Amino acid sequence: MLLFESIKISLSGNVFLFFLCLIFLAGYSYYIYRYTIPNVAKSKRILLTVLRAMAIGLLLFFIFEPILILTGKETVKPKTLVFVDNSRSITIEDGSSRKKSILDAATYISNELKGEVEFYSFGTSVLTLNKVNFGKLGFSDPATNFEKVFSKVSKIENVASVLVLSDGVITDGANPIFTAEKLNIPVFTYGVGDTTAKNDIEIRNVIHNDLLYLNTPSEISVSVGQKGYSGKSVNVTLSEGGNTIEQKAVALNESGSQNISFTYLPKLSGERKLVVSVSAQQGEYTTANNKNAFFVNVRGSKIKVVIVSGSPSADLSFIKNNLEQNKNYTVKTVTQIEGSKFLEKSNIIQAIDSADVFYLIGFPNKETPDNIVNRVTAKISAKSTPFFFIYNADVDLGKLSPLKNELPFSIVRQSNEYIEVQPDIVDGKDKDALLQSSSKSPITEWNNLPPVLHSNTQVTVKPESEVLSYIKVNNTKIKFPLIITRKLGSKRSVAILAKDIWKWKLQTGSKENNIFDEFTGNSIRWLNSADEKRQVRVKTSKKIYSKGEQVEFSGQVYDDSFNPIADAEIKVKIIGNSETREISLSSLGSGLYEGALQTNKSGDYSFTASASYNNKIIGADKGSFSIGDVDLEMVNPNMDKDFLEQLAMQTNGKFYISKDYKKMVDDIAAFNNKKAKIKLETNETKLWSNTYLLVIAILIFGTEWFIRKRSGML
């Protein structure tokens, strides 16, 4: 309810002058009606005096442009958002009565929690939930996406608290804790389900390379977990298209977890679906987690890496040796040794023209032939060939000029001085693909690498580029870039503004962790990402879907210059289960498109997408996905108590166990009472232009004139 806190009238002129004029006008009114011709009764003179004073007083009031200011006070009650898990995992029968616990808690909350309370169901999407219809919840969503919960919360105003009723098992989307923490809203979690480990065998994890090469063996590592089956012998199988590639008999050990390695030799290029499975045993709580399906991309040819160096160096030797160890790369070098002389005797022009990826080390220097610089530049500019650039003071800025538009930075001032520096990885880059390694703490490893020689050259980072690492000198952080990446349209590049990076190979950490080797490999994969070179790109949100889950497509369309096209037409033909379906993707603007397929049929599907603009075909893309191989909602039979507790703790909320909903409602009510806000609203009305006041002034003047006429006054 809105109550007026204050009522004020503001005048544009001096208030003292206004009242002085008002007194004068009142005196003037009294003066002109003190004596009248003809003489009238005293009561009539007083009435006329009052009318005249009111009329001219209102006119004076209007001249000073009065504004009426009303300040209202309203108590705004805080809002609680309640999210009820509607996924299939709530129907798991584990003795904890998940479904009943959630419905009892939701009903009690709706009856007892006072103030503004909004209910939503969540699973694959977030939907408004009418509290009258709690009993109609189907608990049938094929996935649980917590990320969408907090996306919804971020769009609602005046939220005091969030309550989540769930088993806490995430089967879709990212972990939402970081997003929830940024909202600065306490999250109360109510967990349902049993945390007791059941007798079970499961495929816990599969580690593999996403990108493989034809006829090149690759290792696939499978982690098998078990409880209650120590000493039992099981068969672990790797298969493709229903055909067994390799099978191993494994005796389950007492530790509860063990790794099994398979060797996969791809015989066909393209996207290939592989399945790892473990044979089911009698008495298992669930067999939904006994297999794991995944996709790999098999390339038909090896990546051609060409290293162009301004001179022989340790960096050149270490990078070359590292790359040559990978059988998926063919490595050629172009090494300048003196003037226009090169170490390689073979046709260096042919080598440059064959490059899929360039490594440019201290190139070009002042003696590098122009035809070599122009050849490399043309390959990078016209063919969008990605490159890794290692800058040192030997680089000649004049010779480098043709490449300046392709670099991720601009040189402001060159220096021949060097200082020893260590990397200082930028906050928030811990998930960057180039920095990943087998270390448990890759960023810590990066920040403790041996020093390298950083040129004192001053640079500015281009707007579309990203700095992955600055430098530190004797543990003093300095905002000079060390590692920069750039992604613009179909072009990609990585730059290191230092030499002697071979010293990173000498890191003092674990021998199993080698930042130098892994960074080199990560860079090649990132630079050679084929996805960035296509004008039409269509993909599904993921590769493996649960039965009944909506398949989401996203697309991008670019012209020949890789500028986005906003109004293209994209048709996607989907083939699977002996039927063909076609959908169209709708435009989101800026060259982005989306669409969805709804089907309840399990199986493997392939799709082809074609894009056209002005009746002209721009390009095509293809891919595949699978539905129903694994029911993700049934894979993990236990409540994820750790996640629910962490989500509550990180947001200053609280975690409650099943059936403890009465205390939970009391706690939330007490919290909300402290969060009630007083809202002040101010409303201004210009009285000097108010029609009603003008009408009143005219009526007063008219009344005075009427009385004077009736009395025969002059």
Side-chain angles (χ1 to χ4, degrees), residues 78-90 92 98 102 105-106 109 117-129 137 139 141-193 195 205 427-433 540-546 549-550 552 554 594 632-658 664 667-668 671 675:
K79 188 181 297 181
T80 299
L81 306 183
V82 182
F83 292 88
V84 181
D85 191 339
N86 191 43
S87 65
R88 279 205 293 263
S89 62
I90 301 301
I92 291 176
R98 298 185 185 196
I102 275 194
I109 292 164
V117 184
E118 294 181 4
F119 287 85
Y120 299 89
S121 66
F122 75 98
T124 53
S125 59
V126 176
L127 301 173
T128 301
L129 181 62
L137 280 168
F139 301 106
D141 278 14
T144 308
N145 190 315
F146 277 83
E147 196 175 14
K148 291 182 179 179
V149 168
F150 295 99
S151 175
K152 180 70 175 181
V153 173
S154 67
K155 297 173 184 176
I156 301 175
E157 295 181 352
N158 192 38
V159 178
S161 57
V162 173
L163 173 57
V164 179
L165 314 180
S166 173
D167 58 12
V169 179
I170 301 172
T171 58
D172 189 24
N175 188 309
I177 290 179
F178 179 69
T179 303
E181 194 175 2
K182 288 197 299 182
L183 293 176
N184 199 28
I185 298 172
V187 179
F188 297 86
T189 55
Y190 175 79
V192 297
T195 58
N205 194 23
D427 291 342
K429 297 297 182 184
D430 53 314
K431 300 298 182 183
D432 192 281
T540 52
S541 58
K542 53 187 181 180
K543 304 299 291 185
I544 307 293
Y545 291 88
S546 295
E549 189 176 1
Q550 182 172 267
E552 298 175 343
S554 63
E594 68 174 3
L632 298 176
E633 284 296 304
M634 299 298 171
V635 166
N636 189 347
N638 295 326
M639 171 177 67
D640 193 342
K641 182 181 177 183
D642 291 341
F643 164 69
L644 294 174
E645 283 185 327
Q646 188 181 7
L647 176 61
M649 182 184 68
Q650 293 294 103
T651 58
N652 296 316
K654 192 174 179 181
F655 168 75
Y656 300 86
I657 59 173
S658 178
M664 175 179 69
D667 290 347
I668 294 174
F671 175 82
K675 288 292 182 178

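Just so it is clear, the model here is predicted, and its values are computed rather than measured.
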N/O donor-acceptor pair under 3.5 Å between N86 side chain and F139 backbone: yes
Between OG1 on residue T651 and CD on residue Q646, distance to nearest 0.5 Å: 10.5 Å
Heavy-atom pair with the smallest gap, counting every atom of I92 and M634: CG1-SD, 3.6 Å
Check: F122 and D85 side chains under 4.5 Å, non-hydrogen atoms: yes
Check: F150 and K182 side chains under 4.5 Å, non-hydrogen atoms: no
I170 CD1: over 12 foreign heavy atoms closer than 6.0 Å: yes
Sidechain-backbone polar pair: E147 side chain, A174 backbone, donor-acceptor under 3.5 Å: yes
Closest heavy-atom pair and its distance - T80, S161: OG1-OG, 3.2 Å
Interatomic distance, K654 atom NZ to I668 atom CD1 [nearest 0.5 angstrom]: 10.5 Å
Main-chain N/O of E633 paired with T171 side-chain donor or acceptor, under 3.5 Å: no
Distance, nearest 0.5 Å, that separates CZ of F188 from CD1 of I109: 11.5 Å
Over all atoms of both residues, closest heavy-atom pair of T124 and D141: N-OD2, 3.1 Å
Any side-chain heavy-atom pair of D642 and E645 under 4.5 Å: yes
Shortest non-hydrogen contact from F146 toward G168: CZ-CA, 3.9 Å
Gap between atom CG of D167 and atom CG of L644 - 0.5 Å precision: 7.5 Å
Closest non-hydrogen atom pair, F655 against G191: CE1-N, 3.8 Å
Heavy-atom side-chain proximity of S89 to N636 below 4.5 angstrom: no
Interatomic distance, L129 atom CG to E118 atom CD [nearest 0.5 angstrom]: 11.5 Å
Donor-acceptor contact present, side-chain D172 to main-chain N145, <3.5 Å: no
Any S125 side-chain heavy atom under 4.5 Å of Q550 side chain: no
Nearest-0.5 Å distance that lies between atom NZ in K79 and atom CG in L81: 7.0 Å
Side-chain heavy atoms of S166 within contact of T189, under 4.5 Å: no
Test salt bridge (charged side-chain N to carboxylate O under 4.0 Å, His left out) applied to K542 and E549, step by step: CA-CA 11 Å; K542 53 187 181 180; E549 189 176 1; 2.7 Å; yes
P142 vs R88 side-chain heavy atoms within contact, under 4.5 Å: yes
Side chains of V169 and T144 in contact at under 4.5 Å (non-hydrogen atoms): no
Minimum heavy-atom distance T540-K543, with the two atoms named: OG1-CD, 4.4 Å
